[in-house]
Amino acid sequence: MSIKTRFAPSPTGYLHIGGARTALFSWLYARKHGGRFVLRIEDTDLERSTAESVNAILEGMTWMGLEYDEGPFFQTQRFDRYAEIIQQLLDSGHAYRCYCSKEELEAMREEQMANKQKPRYDGRCLEREAPREGVEPVIRFRNPREGEVVIDDLVRGRVVFKNSELDDLIIARSDGSPTYNLTVVVDDMEMGISYVIRGDDHLNNTPRQMNIMKALGYEPPKYAHVPMILGDDGKRLSKRHGAVSVMQYRDEGFLPEALINYLVRLGWSHGDQEIFSLEEMIELFEVENINNSASAFNTSKLVWLNQHYIKESSPEHIAHHLSFHLGNLGIDPSEGPDILEVIKANQERAKTLVEMAQNIVFFYKEFEAFEEKAAKKNLKADAAPALEALRAGLAECEWSDEAIHALVERTAEELELKMGKVAQPLRVAATGGGISPPIDVTVRLIGRERTIERIGRALEYIEKSAD
RNA sequence: GCUCCCAUCGUCUAGCGGUCUAGGACUCCGCCCUCUCACGGCGGCAACAGGGGUUCGAGUCCCCUUGGGAGUACCA
């Protein structure tokens, strides 16, 4: 049988980190085995599902590069089919109508809780002969009363549930719309899903779903329940933890491959290896190596990976993702040096793309003022001779890293100053601050005109400060 | 409450009965490199939750306790 996996989010918010990881695992599994990966939108909850959420999920998938082979399918477009199945279940006696009121159910639950029992529907409507006047019934699946359901989970191992612990769950609301446990089963069967890789929180639903499948005469797929992702504090991931949306990581300057690499290592491992290319992940991914305990999201490790990928990627690739952040800062790369050159000079000194964008503003825009601390330290009267010599030298020297470097060195020698006493004032003069790539590269990229002009500005600053 | 799941450094993890005086990575702290910031190099701190078994031998198997988590909806 061919391998098919799926990612089935409900569109009630953005694509979050936990969902992104199960999507990644499912995607990897399909890719590794030459199978297909299906995207299915579980939007049966009309109240909470939104079109914006659908778009956000699609956008997140695209940004991460998790392309799907089939879908997106929408469950709301399959209501007719679900209705057929529900009727079929009704006809075969596997389902029945329930006329119980909310109050009645609530009372039942309270009583069971009081008796230290697990609250569950007792099946009283099964005995009901006639419909209740004026009540639109829900439809319940008639769960077996005896025996047990065994899940041979690919990551959890053998998990057993007694049927006596389960109850007759609602598969259609009183308005006739189907509910989650029914639609999942129908779709997983009819879409030919062979491996269901999903969050741990669904483990409890699995025996119910397996029972429905059995009633419908189908073999259940293989299941792999992956543990949850916790926040930095070890608590359940929520909005309190800053970024939980995949797109927020883009906004904060992360490369998709860094996020993917981080996510694949969260709850999965291949020995001591930390860095995985997409090809390696696909080749090495094994469901058996998925951890069974929940793991906490650790932003600093993600940052480290991001820095790694910024360092290792081609300038072209960085440029592609950086343009978004440049735009956010109102920078037009055509108004300055070649962006690829600037990126090359900054790849080793940025942890995020946001940081990189901020660091290269001075290549493209005039800075407002010299950064106070750096200026106070480096733009002092004793720096003036060096700056003047540099201004003169830069006006006529060959415009290359080597020549500029030689000029700075020569200036230091002639004035009997340490390199730092020459290079650093020049850096502050040229960039406005005390941080930049090597001074020769920095100056070369800023350009002759601009550098000379800025040195003049620095000399004015020194003069003014002397008063 | 009940059912199910989980438990190695602060965090992510390796470990699938003896090779563990428990390895790697991130973080943090030193040192080196150095025109700034970084990169890089070297070194350091730091863990088998507790208690019972099983076994010649347990981080590794079993049980209990404790502590986390999930579910218990006409949500998914």
Side-chain angles (χ1 to χ4, degrees), chain A residues 8-12 42-45 47-49 75 98 100 102 105 109 112-120 136-140 151 153 156-157 159-162 164-167 169-177 179-181 183-184 199-207 225 227-228 230 232 234-236 262 265-275 288 291-305 307 311 346-351 359 374 377-378 405 408-409 412 418-428 431 433-440 442:
Chain A
S10 63
T12 53
E42 309 216 323
D43 53 354
T44 52
D45 185 346
E47 306 265 308
R48 299 196 303 160
S49 300
Q75 293 191 320
C98 169
C100 293
K102 292 224 162 105
L105 295 174
R109 270 195 282 271
Q112 287 164 332
M113 290 279 268
N115 292 333
K116 301 195 170 189
Q117 286 175 324
K118 186 175 181 172
R120 52 198 194 277
E136 282 302 324
V138 298
I139 297 170
R140 288 181 184 272
I151 307 168
D153 195 275
R156 284 297 134 92
V159 182
V160 181
F161 287 86
K162 291 190 184 69
S164 56
E165 293 295 339
L166 275 25
D167 68 351
L169 69 257
I170 293 171
I171 55 176
R173 303 182 180 92
S174 47
D175 66 1
S177 65
T179 62
Y180 166 73
N181 279 300
T183 58
V184 179
D200 216 349
D201 45 340
H202 289 294
L203 188 56
N204 287 293
N205 287 323
T206 308
H225 286 95
M228 318 242 68
L230 276 20
D232 277 320
K235 296 269 170 58
R236 189 178 180 156
Y262 179 73
R265 276 288 287 107
L266 197 59
W268 174 82
S269 61
H270 182 261
D272 284 340
Q273 191 170 343
E274 297 286 351
I275 308 291
E288 289 68 31
N291 243 219
N292 29 20
S293 53
S295 33
F297 195 90
N298 183 205
T299 307
S300 62
K301 189 153 185 177
L302 204 213
V303 168
W304 172 73
L305 276 164
Q307 185 172 30
K311 237 166 18 190
N346 283 278
Q347 273 177 292
E348 284 181 353
R349 29 184 65 75
K351 291 183 170 71
N359 287 348
K377 190 174 173 199
N378 297 291
H405 186 79
V408 175
E409 268 190 335
K418 285 188 180 175
M419 266 298 266
K421 284 286 178 189
V422 179
Q424 202 53 11
L426 175 57
R427 171 170 285 112
V428 178
T431 72
I435 299 170
S436 89
I439 193 62
D440 46 358
T442 302

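Sequence lines set the chain letters: A, B, ... in the order given, protein chains first and strands last, and positions in each chain run from 1.
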Sugar-phosphate, base or nothing in reach of Glu47(A), heavy atoms under 4.0 Å: nothing
Sugar-phosphate, base or nothing in reach of Glu42(A), heavy atoms under 4.0 Å: sugar-phosphate
Sugar-phosphate, base or nothing in reach of His202(A), heavy atoms under 4.0 Å: base
Sugar-phosphate only, base, or nothing, as touched by Lys421(A) at under 4.0 Å among non-hydrogen atoms: nothing
Sugar-phosphate, base or nothing in reach of Pro438(A), heavy atoms under 4.0 Å: base
Sugar-phosphate only, base, or nothing, as touched by Glu274(A) at under 4.0 Å among non-hydrogen atoms: base
Sugar-phosphate only, base, or nothing, as touched by Tyr262(A) at under 4.0 Å among non-hydrogen atoms: nothing
d(CZ, Arg265(A); C1', C12(B)) in whole Å: 6 Å
Donor-acceptor pair (no angle test) under 3.5 Å: Gln273(A) side chain, G24(B) base: no
Sugar-phosphate only, base, or nothing, as touched by Arg120(A) at under 4.0 Å among non-hydrogen atoms: nothing
Shortest side-chain distance from Met113(A), nucleotide among A25(B), G1(B), C4(B): G1(B)
Minimum-distance nucleotide (side-chain atoms of Ser295(A) versus U36(B), U13(B), A70(B)): U13(B)
Sugar-phosphate only, base, or nothing, as touched by Pro227(A) at under 4.0 Å among non-hydrogen atoms: nothing
Torsion-based syn/anti label for C39(B), 90° from 0 as limit: syn
Atom-pair distance (CG on Asp153(A); P on C6(B)), nearest Å: 9 Å
